[in-house]
There are 2 protein chains.
Amino acid sequence: MTYEMKFEALSSSTRRAVFERLRAGGRSVGALAEGLPVSRPAVSQHLKVLKDAGLVSERRDGVRRIYSIDRQGVSDMRDYFDRFWDDALDSYKRSLEGSDG
Amino acid sequence: MTYEMKFEALSSSTRRAVFERLRAGGRSVGALAEGLPVSRPAVSQHLKVLKDAGLVSERRDGVRRIYSIDRQGVSDMRDYFDRFWDDALDSYKRSLEGSDG
DNA sequence: GCTATTCGTAAGACATGACTTACGAAATGA
DNA sequence: TCATTTCGTAAGTCATGTCTTACGAATAGC
């Protein structure tokens with residue numbers, strides 16, 4: 001559930017494709033695998049990584065498992081880049097003060 | 001300069017460490033390599049990936065090259081997760097409407 | 001109980017990428 | 001010009017991760 005885990009989870013292009021497919025709403029593993037150039041077990045393995053990272057959540061529906069985006073995880077990433085941007089701007093401003101003030 | 005390139009660039013933990021070290025301000029390649037458990041050429045290779053992805057920029061200073069955070073690139077990532085979060089919320093709301101009304 | 005469906009996990013093959021050393025290029029200063 | 005410093009690139013090694021097939025578990029319906 002750390003940032004490191006989220007970055008690692010989003011490091012594979014196939015995993016990002018799975019993640020993007022969930023953008024439009026929850027889907028079963030089989031439905032996710034259709035349209036992707038990898039096998040269903042591969043998708044299942046990717047979903048585990050995404051789930052452990054806190055980027056997707058799982059819900060049971062009979063024999064199916066419906067995976068959905070975990071908005072909290074997405075929000076965490078958004079916050080990370082928010083703060084990163086702020087810090088980068090601050091350090092830039094300080095570098096200007098230091099060079100001519 | 002695409003999102004794909006930015007995600008790929010941030011997929012390596014060493015590269016994220018380099019990226020994080022630039023958060024506090026611009027640094028030379030040698031200065032970045034100090035304190036990291038990899039060689040200077042390794043850092044140089046990582047910086048090339050980060051630069052090609054639009055996440056860092058380069059400035060010459062005599063024989064040195066000062067790398068800094070490219071705030072536009074960080075802003076792009078922030079926007080990506082902003083929109084992703086909005087889309088996920090919308091699709092969630094739609095799923096509620098479809099299920100009970 | 002039996003079958004069909006959906007899925008997760010194990011084991012192993014294979015490609016990808018991250019690292020090292022060696023080397024050459026460019027800028028600085030004497 | 002020569003030496004020093006700083007850096008990027010090339011070549012090759014090695015670890016990591018991504019994929020496949022095979023298999024077993026869980027649920028639902030008959």
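The model shown is predicted, which means the values in this text are computed figures rather than measured ones. Every chain is numbered from 1, with letters handed out A, B, ... down the list of sequences.
In terms of phosphate contacts, B/Thr14 brings a side-chain nitrogen or oxygen within less than 4.0 Å of OP1 or OP2 of C/dC19. At least one side-chain nitrogen or oxygen of A/Arg15 sits closer than 4.0 Å to the OP1 or OP2 atom of D/dT18. Phosphate proximity of D/dC19 to A/Ser39: absent, as no side-chain N or O sits under 4.0 Å from OP1 or OP2. Applying the 4.0 Å criterion to OP1 and OP2 of D/dG17, one finds that A/His46 has every side-chain N and O outside that range.
In summary, A/Arg16 and B/Glu8 engage in a salt bridge, as defined by a charged side-chain N under 4.0 Å from a carboxylate O.
The two atoms that bring A/Met1 and A/Met5 nearest to each other are N-SD, 2.8 Å, heavy atoms only. The two residues B/Gly26 and B/Ile66 have their closest heavy-atom pair at C-CG2, 3.9 Å.
For residues 11-61 of chain B, every residue pair satisfying the ring-ring contact (aromatic ring centres under 6.0 Å, His included) rule, not counting sequence neighbours, is listed here: A/Phe84-B/Phe19.
In this entry the distance linking CG of B/Asp52 with P of C/dG17 reads 14 Å, nearest Å. Remark: P of D/dT27 and CG of A/Asp61 are 13 Å apart, rounded to the nearest angstrom. Per the geometry, CE belonging to A/Met5 stands 13 Å off P belonging to D/dG17, to the nearest Å.
Heavy atoms of other residues, nucleotides or ligands lying less than 6.0 angstrom from CZ of A/Arg64 number 12 at most. For B/Tyr3, the OH atom sits in a packed shell: over 12 heavy atoms of surrounding residues, nucleotides or ligands are nearer than 6.0 Å.
Relative to the axis of its first five pairs, the axis of the last five pairs of the helix from C/dG1-D/dC30 to C/dA30-D/dT1 sits at 30°, rounded to 10 degrees.
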Contact list (N/O, under 3.5 angstrom) for nucleotides 3-9 of chain D vs protein:
{"unit_1": "D/dT6", "atom_1": "OP1", "unit_2": "B/Arg64", "atom_2": "NH2", "d": "3.3"}
{"unit_1": "D/dC7", "atom_1": "OP1", "unit_2": "B/Val29", "atom_2": "N", "d": "3.1"}
{"unit_1": "D/dC7", "atom_1": "OP2", "unit_2": "B/Gly30", "atom_2": "N", "d": "2.8"}
{"unit_1": "D/dG8", "atom_1": "OP1", "unit_2": "B/Tyr67", "atom_2": "OH", "d": "2.5"}
{"unit_1": "D/dG8", "atom_1": "OP2", "unit_2": "B/Ser44", "atom_2": "OG", "d": "2.1"}
{"unit_1": "D/dG8", "atom_1": "O5'", "unit_2": "B/Ser44", "atom_2": "OG", "d": "3.1"}
{"unit_1": "D/dG8", "atom_1": "N7", "unit_2": "B/Arg40", "atom_2": "NH1", "d": "3.2"}
{"unit_1": "D/dG8", "atom_1": "O6", "unit_2": "B/Arg40", "atom_2": "NH2", "d": "3.0"}

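The shortest distance between side-chain heavy atoms of A/Asp76 and A/Gln72 falls below 4.5 Å.
If you run side-chain contact (heavy atoms from CB on, under 4.5 Å) between B/Val18 and each of B/Leu50, B/Val56, B/Leu55, only B/Leu50 comes through.
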